[in-house]
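Whatever order the structure lists ligands and atoms in, that order sets their numbers, starting from 1. Here, residue 1 is the first one in the sequence, and each next residue gets the next number.
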Amino acid sequence: MNVAQKLISSHLVSGDMKSGEEIAISIDQTLTQDATGTMAYLEFEAMGIPKVKTKLSVSYVDHNMLQTGFENADDHRFLQTIAAKYGIYFSKPGNGICHQVHLERFAKPGQTLLGSDSHTPNASAVGMLAIGAGGLNVALAMAGEPFFMVMPKIVRVILKGKCRKGVTAKDIILAVLMRLTVKGGVGKIIEYAGDGIKNLTVPERATITNMGAELGATSSIFPSDEQTKAFLKAQKRGKDWTELKPDADAAYDEEVIIELDKLVPLIATPSSPDNVKRVKEIEGTPVRQVCIGSCVNSSYADLMLAAKILKKHKVHSDVSLAISPGSRQALRMITENGALSDLVSAGARVLESSCGPCIGMGQAPATGAVSLRTFNRNFPGRSGTANDQVYLCSPLTAAVSAITGKITDPRDLIKGSLKLTLPERFAIDDSMIIPPAKKPEKVTVERGPNIKPLPVKGALESSLKARVILKTGDNITTDDIMPAGAKILPLRSNIPAISEFVFSKVDPTFHSRAKSSGGGIILGGINYGQGSSREHAALAPMYLGIRIVLAKSFARIHKDNLINFGILPLTVPSDVYDSIAQDAELEFPSLAKEVKGSSEVTFKDVKTGTQYKAEHGLSERQRKIVLAGGMLNCVKGK
Ligand code: MIC
Ligand code: SF4
């Protein structure tokens, strides 16, 4: 068996491990972050279970950190008190980004982790199976239920040789994205192998598994080896280490080879993580903003590399450089060893340890300005500025470009070796991780006025006549469907309020049109719903009356979220997509009956009279959920 198969088989609860079949696995650990967490805990609470049933559950606060009003602060109180009551560890705001802290303090080889954030596979860098999912799936896992998924294909990515100077783990994953694109990982687990992995430290591996989310992959995994052991030991967690390697005769469904010594610095150009070019191809482009941070590149090592480059230099007069350390541990260490001072002397703006600019919580770039970021996503407008020009690159490329004021190949500026060895002991202090209450019955969950009850939907209609309210192109992201940013994120606990922003950046009239027509249908292209795990991208449309999404294909997490909230995902071939116009009125005469008894649903365009078929491809279990009007109705039934 390969590593992925070993992890799955040791947690298999039901199903056959044949790719394409639905399987269920038991979940050892869960994580949530605040932007998805409030909903996840409201859902968990609604299940009426006194204590989480996982080995470990952690609630992080890292997204909604700007406190421009009471909303975010209220959510933090809610999260802290509900964690105390139900047996969940609570990582306070300021302790760091969920993925970074989880890797440092909790990730464990051989275990499974389900997180309500798409970059949860960051933790798979230590040889655990970490998967991103919607909040409701995470709530179910906390309630002791298994996680259902389609058995993925396992792709072996063989890394050969060693990266040359100026080439980092970020360039490796950008090379994989260049090869496989943002939909190349859908339905797959990417397993890294080859002699090239032995030189990669755990934080470097995490940069690679983190951005597997941008491939659409279910997870990305490294084996657990000597590097893993060294990292866990340095985190004073040597006892958590177990070896996990593929068998010598392990089989894989696909194979990709990357020759590390042939790689050069790469950069993703606006506005998709797979628009990858060689830095050399666009060097000289003037840069106005550089941001170093986000869960993919904010480790101690990343910050140290940036500090080493910036030491004795100044940030270019036209550039604003922002640094957001991934964790309090990393921030403390660069503070104590003086690297923070080097960054500040160079002219960096130091932000708190959180997602920050990555999710549009501040640092929106100026109009037309090129922003170079070490982040993982550059979807249009995600930075907070319309028509933004966001590029994704390594901390090396970011740091040298901050000095020169233009996109610069790090190999042109870096002299000498940049080799950084990880410390033998990280600065360990878990005092901002609050353990659950010893007397949970004494804890009162504090709820601010912005926390509104969950909307629920009725059962699937037996027949339906509705309009296509929006027809979109390919690769629509969840940022397009349900944008984030400083203005909208504080409404994550208030579905009626946040629903006013559904598709607001794609079509500002969407909300009012959906309201006036009492809901309807969305018609999407390929890879509909890629990106984030935010279930608000299903919940808010459900609240607006969206019943069906027809698309050429779906991203995994979003499809699950649609099902969980009772919206029927249907796939249609390109010619059907082409022939249906926005505003078309579609009639589904036997909707519920067909969902129940067939794999196809028939419908017609009322105006043209053309008859069509769409596939739902739902498992028995998923049909029940959709027919009941969503998972919460099913759980209540149980
Ligand atoms: C993101 O990177 O888009 C987020 C914000 O972390 C999301 C979660 C969310 O929308 O709350 C994710 O990746 O799942
Ligand atoms: Fe936070 Fe950005 Fe990572 Fe999402 S991708 S968890 S917003 S740092």
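For the pair Asp429 and Arg328, the salt-bridge criterion is met [side-chain N within less than 4.0 Å of a carboxylate O]. Ion pairing of Lys183 with Glu214 is absent here, as no side-chain N (NZ or NE/NH1/NH2) approaches a carboxylate O to less than 4.0 Å. Between Arg492 and Asp75 there is no salt bridge, since no side-chain N of the basic residue sits under 4.0 Å from a carboxylate O of the acidic one.
Taking the six-membered ring where tryptophan is involved, the planes of Phe503 and Tyr528 are tilted, since the angle between them lies from 30° to 60°. Using cut-offs of 30° and 60° on the angle between ring planes, the pair His99 and His119 is perpendicular.
Not a single heavy atom of Arg377 sits closer than 4.0 Å to an atom of ligand 2. Not a single heavy atom of His536 sits under 4.0 Å from any atom of ligand 1. Heavy-atom distances between Met482 and ligand 1 stay at or above 4.0 Å for every pair. Residue contact annotation: Arg382 has a non-hydrogen atom under 4.0 Å from ligand 2.
The nearest N, O or S atom of His99 is not closer to atom 3 (Fe) of ligand 2 than 2.8 Å. Coordination check, Cys358 versus atom 1 (Fe) of ligand 2: failed, since every N/O/S atom of the residue sits at 2.8 Å or beyond. Taking 2.8 Å as the criterion, His119 does not count as a coordinating residue of atom 2 (Fe) of ligand 2, since none of its N, O or S atoms falls below it.
Glu104 and Ser327 form a side-chain donor-acceptor contact under 3.5 Å, judged by distance and modelled atom types alone.
At the top of the distance list for atom 13 (O) of ligand 1, counting protein heavy atoms only, stands Ser118 OG, 2.5 Å. The protein atom (non-hydrogen) at minimum distance from atom 8 (S) of ligand 2 is Cys295 N, 3.3 Å. Closest to atom 7 (C) of ligand 1 among all protein heavy atoms lies Ser532 OG, 3.1 Å. Regarding atom 5 (C) of ligand 1, its nearest protein heavy-atom neighbour is His63 NE2, 3.2 Å. From the protein, the heavy atom lying nearest to atom 1 (Fe) of ligand 2 is Cys355 SG, 2.3 Å. Distance from atom 6 (O) of ligand 1 to its nearest protein heavy atom, with residue and atom name: Asp117 OD2, 2.6 Å.
Close contacts of ligand 1 with Arg492, meaning ligand atoms under 4.0 Å from a residue heavy atom, involve 9 (C), 10 (O), 11 (O). Close approach to Ile359 involves these atoms of ligand 2, each under 4.0 Å from a residue heavy atom: 7 (S). Applying the 4.0 Å criterion to heavy atoms of Asn376 picks out, from ligand 2, the atoms 5 (S). Under a 4.0 Å criterion applied to the non-hydrogen atoms of Ser533, ligand 1 contributes the atoms 12 (C), 14 (O). Here is the list of ligand 1 atoms found below 4.0 Å of a heavy atom in Ala35: 11 (O).
By the criterion of a heavy-atom distance under 4.0 Å, the side chain of Ile359, and not its backbone, is placed next to ligand 1. Of all the heavy atoms of Asp117, the ones lying under 4.0 Å from any atom of ligand 2 belong exclusively to the side chain. For Asp62, no heavy-atom contact with ligand 2 is shorter than 4.0 Å.
Taking the six-membered ring for Trp, Phe501 and His511 have ring centres at least 6.0 Å apart. Aromatic rings of Tyr86 and Tyr41 (six-membered ring for Trp) have centroids beyond the 6.0 Å cut-off, not under it.
Open room surrounds NZ on Lys92; 12 or fewer heavy atoms of other groups in view lie less than 6.0 Å from it. Annotation for Tyr89: atom OH does not count as buried by contact number, only 12 or fewer foreign heavy atoms lying within 6.0 Å.
Among the candidates Ser271, Ser118, Ser532, the single residue satisfying the side chain to side chain donor-acceptor pair (under 3.5 Å) test with Arg377 is Ser118. Put simply, the residue from Ile563, Leu140, Asn561, Asp560 that forms a side chain to side chain contact (heavy atoms under 4.5 Å, CB included) with Met631 is Leu140.
Taking only non-hydrogen atoms, the option from Glu535, Gln33, Arg534, Arg382 nearest to atom 2 (O) of ligand 1 is Arg382. When the options Arg373, Arg534, His63, Met211 are ranked by their closest heavy atom to atom 4 (Fe) of ligand 2, first place goes to His63. Closest to atom 1 (C) of ligand 1 by heavy atom, among His99, Met39, Arg377, His119, is Arg377.
Taking each heavy atom of Thr374 and Asn297 in turn, the nearest pair found is O-OD1, 3.3 Å.
In this structure, the side chain of Arg447 does not engage the main chain of Phe78 through any donor-acceptor pair within 3.5 Å.
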